[in-house]
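For ligands, and for the atoms within them, numbers begin at 1 and follow the listed sequence.
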Amino acid sequence: MRFTHVAAVASLGGLLFGYDTGVISGALLFIKQDFSLTPTMQGITTGIVLAGATLGAAFGGTLADRFGRKHVIIAVAILFSLGALLSALASALWVLILARAIVGLAIGVASMLTPLYLAEMAPADNRGAVVSLNQFCITFGILASYVVDYGLAEVHDGWRWMLGVGLIPGVVLGLGMLLLPESPRWLLGRGRTAEAEAALHSLRGTGDVSAELAELQQDLRAENAEAPAWSMLWRRGARKPLIIGVGLAVFQQITGINTVIYYAPTIFQQAGLGSASAAILASAGIGVVNVVMTVLAIRLMDHAGRRKLLLIGLAVMSVTLLILAGAFAGGQSRVLGFVTAGALAAYVGGFAIGLGPIFWLLISEIFPFAVRGRGMSVATVANWGSNLAVTVVFLDLIRLLGSAGTFLLFAVLTVAGLAFAWALVPETKGRTLEQIEADLAGGLAPAAS
Ligand code: BGC
């Protein structure tokens, strides 16, 4: 089993995350006709996935710590497949909502467990790229969902196919995971040393894994004295990672990314970009920028470092949000429509090079092993909870503050995110997870960027 196989299979979790969150924007147009949905019911059909994800993320860490990463990912794959099948066949609205809740649960667990598993399997020197493969798959999944929605729009009962297509990656993920090894770190933590060694051997493909094994063992011995408990997250060594993880989780959402991902066509139309098809095409363009800039981030991550990319990305987002606010304040015109499209693309680019991949990467790196599952859970719950909150209040915000005011608010929040990252986020490039743990326990000041 080569490590590349692990990365290829496990990152399907990210693909499903992206596909299943993106697909509903197009599918909803048809679902609302078939089931005669009121606006409230439309909100529930969309929001139930985010609520399910918040719940899934809450339990994912404990389950992964108890049953192992591999088994929980297999269970997630079953949930994804079941949810896709049930959505495609749903004959009543409550079945569809149930199916979407199941998919939401799966997304929530997958969103924390995929990066966690990848981080624990990857060698230190390319861990950044490997874990960020997950974010690439999220963005690719979102783009794929736009394309599938567009392609199936004219097909009879197309929405059933749109939601049902998720069955394919779900089944591949489940079957693929059966062939992959369990995380060596988790096995060692359970005292299954021989299995851990065998897993490391098959992952690294070289004869000698003794140095890596010894480092893992030493790290575990230091912590293994007690069973993990939630209260341990507030101890020295875990507290700072918790503040960084939850802070970045919230900033990743309250700076507005999903208002763009979920409502891009509407925003473009408001800005005066004319026809619906022009707006949809512009949105697909946003999806492409998201993917391309994520690829660039992956290439740079292990060289330029996480901190520098994060700060640059946040700075770009702040400036482009200000431009957007200005463009909306200027009213509707063709020129402003183009300014809006350009600024939105640059804003998504800024997110994709920084906060998008780096939030998920950092939360997989910074928590001490003993509470890694739980710590990632808390950060992921904060992420989905904030996503849900922003999605629910966004349309009201627009009504209250107008588009210009709303984007100005996002700009202010992004500047706050920049200050937060500047003050607290450490550089983790090229360090082993064990070294990062030691750095943060010692109250490491952020490395100069
Ligand atoms: C975020 C998602 C977002 C996606 C966009 C992810 O990192 O967690 O909420 O939809 O990036 O690319």
Quick one: which ligand 1 atoms are inside 4.0 Å of a heavy atom on [X]?
X: Asn290; value: 5 (C), 12 (O)
X: Thr139; value: 12 (O)
X: Asn383; value: 8 (O)
X: Asn258; value: 2 (C), 3 (C), 9 (O), 10 (O)

Hey, can you tell me if Phe407 and Phe328 have their rings parallel, tilted or perpendicular (30° and 60° cut-offs)? parallel
Any side-chain donor-acceptor pair under 3.5 Å between [X] and [Y]?
X: Glu120; Y: Ser183; answer: yes
X: Asp149; Y: Ser145; answer: no
X: Thr428; Y: Glu365; answer: yes
X: Trp360; Y: Asn134; answer: no

Starting from atom 1 (C) of ligand 1, find the nearest protein heavy-atom neighbour and note its residue, name and distance. Gln252 OE1, 3.4 Å
Taking N or O atoms only and a 3.5 Å limit, does Gln135 qualify as a polar contact for ligand 1? yes
Using a 4.0 Å heavy-atom cut-off, say whether Phe359 meets ligand 1 through its side chain, its backbone, both or neither. neither
Do Arg372 and Trp186 form a cation-pi contact, if we require the NZ or CZ to be under 6.0 Å from the six-membered ring centre and within 45 degrees of the ring's axis? no
